[in-house]
Amino acid sequence: MSIAIAQSSYRKSLTGLGIGIGLLGVVLYFAHIKVIYDLPILMMFVGAWIAIANGYRTYKPKVTQPLELSKKAWNNFLTNYAIIIAMVVLVLIICVMQPRFMQIRVVLDIMTQSSTKLIIALGICFTLIIAGCDLSAGRIVGLAAVISTSMLQTSDYANRFFPGLPELPVFVPIIIAILVCMLFGALNGFLVAQYEMHPFIATLATSVIVYGACSLYFDLPPNNSQPIGGVRPDFAAIGQTKLFQIGSFPGISVLIPIAAVITVFIWFVLNKTTFGKNVYAIGGNREAAVVAGVNVYVTNLLIFILAAALYGIAGVLEAARTAGATNQYGMGYELDAIAACVVGGVSLMGGIATVPGIIAGVFVFTIIQYGLQFISVSPMWQQVIKGVIIATAVAIDMGKYRKKV
């Protein structure tokens with residue numbers, strides 16, 4: 001038995017739910033219950049977001065067909081959102097075990113930690129859309145961090161990477177680092193486009209080359225493989241500045257708006273440009289894309305160059321945030337990014353990806369990792385849980401693919 005509900009009624013119900021959550025937050029706020037920390041404020045924000053988003057969709061609907069309530073629809077919902085539901089349950093458990101998790105500071109920390117991860121995931125999603133991958137992402141992040149910090153040290157630092165280098169404008173080393181990353185991205189794209197090499201093999205080879213080149217650079221005298229520190233304050237400010245730090249409010253990391261701007265840009269590229277449509281076309285059906293006149297060679301080349309540019313930006317931001325770098329920076333970042341994309345609905349079969357889904361996937365992983373650390377779960381168990389999430393996400397993705405076939 002199935003029940004059909006009009007989209008307008010459904011959206012109005014969610015709008016009412018959002019208003020209710022917001023009003024409950026207001027009541028709890030004035031109740032001054034210390035044990036729940038900032039939960040009332042968070043409820044007000046969440047309630048406002050639900051009410052505004054669904055209120056807007058009530059009058060500007062994207063979907064007009066009625067919402068079907070049936071056993072099949074319910075099973076599909078549980079399948080599609082199983083990991084997010086599990087995350088919500090985990091967050092509730094953590095909040096009960098450790099109420100300090102319900103603080104604005106914790107939310108801002110999670111958003112800060114997600115910022116560079118999101119930029120990397122947005123880069124790697126292009127390679128997943130064409131049914132490929134990019135195993136060089138993490139090493140390119142590390143390369144950008146090492147190159148940028150090596151040229152942005154203070155003049156009085158005892159162990160300068162380039163003792164005789166004059167003080168350069170902060171944007172010059174950053175641009176150099178990103179351009180070098182883009183060269184390696186071009187190598188990835190060339191191997192895939194010219195020789196039709198599978199991205200797994202092409203990017204694996206490039207990953208080894210990048211790590212070797214970065215290590216050779218890192219080992220140059222007088223540095224001799226010592227961690228690079230003593231970065232200039234203007235460079236560190238790019239990753240450590242806090243905005244709106246007023247009174248007791250901890251401030252918003254500058255990384256958050258930077259990641260937001262890049263996210264909007266990538267959404268525009270994927271949804272509003274010919275290049276983005278070509279990327280989806282190649283991932284959906286390569287042969288059909290060729291027949292339709294898509295230049296697969298150039299598109300593949302640009303995909304990996306753009307992805308490498310995003311890795312480079314993430315590497316620079318990570319170096320600025322931590323005020324230092326080593327050749328080990330970025331190790332394993334590509335695996336987390338791929339996992340976050342899959343959790344966010346990017347299909348390994350290609351042709352399917354949404355920016356909001358990627359954002360959700362990154363936040364799911366960051367919240368779970370941060371939350372488990374918050375309640376002092378062993379790092380070994382954290383790895384086990386992360387592996388289970390990845391396996392579950394891939395299994396769900398493959399199950400969707402089999403149903404379509």
Side chain of [X], backbone of [Y]: donor and acceptor closer than 3.5 Å?
X	Y	value
T149	I228	no
S148	A145	yes
N223	D219	no
E334	G138	yes
T127	G123	no
N54	I50	yes
R100	Y37	no
Q153	F161	yes
S207	T203	no

Could you check if a side-chain atom of [X] sits within less than 4.5 angstrom of a side-chain atom of [Y], using non-hydrogen atoms only?
X	Y	result
V296	N300	yes
F101	I110	yes
V269	T273	yes
F275	T299	yes
T263	W267	no
I36	P99	no
V106	F374	yes
I124	C133	no

Would one find more than 12 heavy atoms of other residues, nucleotides or ligands at under 6.0 Å from atom [atom1] of [X]?
X	atom1	result
Y29	OH	no
K12	NZ	no
F45	CZ	no

Atom pair [atom1]/[atom2] of [X] and [Y] - distance to nearest 0.5 Å:
X	Y	atom1	atom2	value
S114	K117	OG	NZ	6.5 Å
L90	L372	CG	CG	5.5 Å
L24	L39	CG	CG	8.5 Å
C341	I120	SG	CD1	10.5 Å
L317	S115	CG	OG	8.5 Å
R160	S155	CZ	OG	6.0 Å

Just list the side-chain donor-acceptor pairs under 3.5 Å for residues 181-195, sequence neighbours left out, or say none.
{"unit_1": "N188", "atom_1": "OD1", "unit_2": "T206", "atom_2": "OG1", "d": "2.6"}
{"unit_1": "N188", "atom_1": "ND2", "unit_2": "S136", "atom_2": "OG", "d": "3.0"}
{"unit_1": "Q194", "atom_1": "OE1", "unit_2": "Y297", "atom_2": "OH", "d": "3.1"}

Minimum heavy-atom separation for [X] and [Y], please, with both atom names.
X	Y	value
V180	L143	CG1-CD2, 3.8 Å
F126	L122	CD1-O, 3.2 Å
M102	V35	CE-O, 4.1 Å
L310	I266	CD1-CD1, 3.8 Å
L270	Y280	O-CE1, 3.6 Å
P173	P169	CD-O, 3.1 Å

Steps toward side-chain contact (heavy atoms from CB on, under 4.5 Å) verdict (R321, L255): CA-CA 9 Å; R321 183 181 69 86; L255 295 176; 3.6 Å; yes
Pair Y333, T116: side-chain N/O donor-acceptor within cut-off below 3.5 Å: no
Pair Q113-T366, side-chain donor/acceptor within less than 3.5 Å: no
salt_bridge(D38, R105) N-O dist < 4.0 Å: no
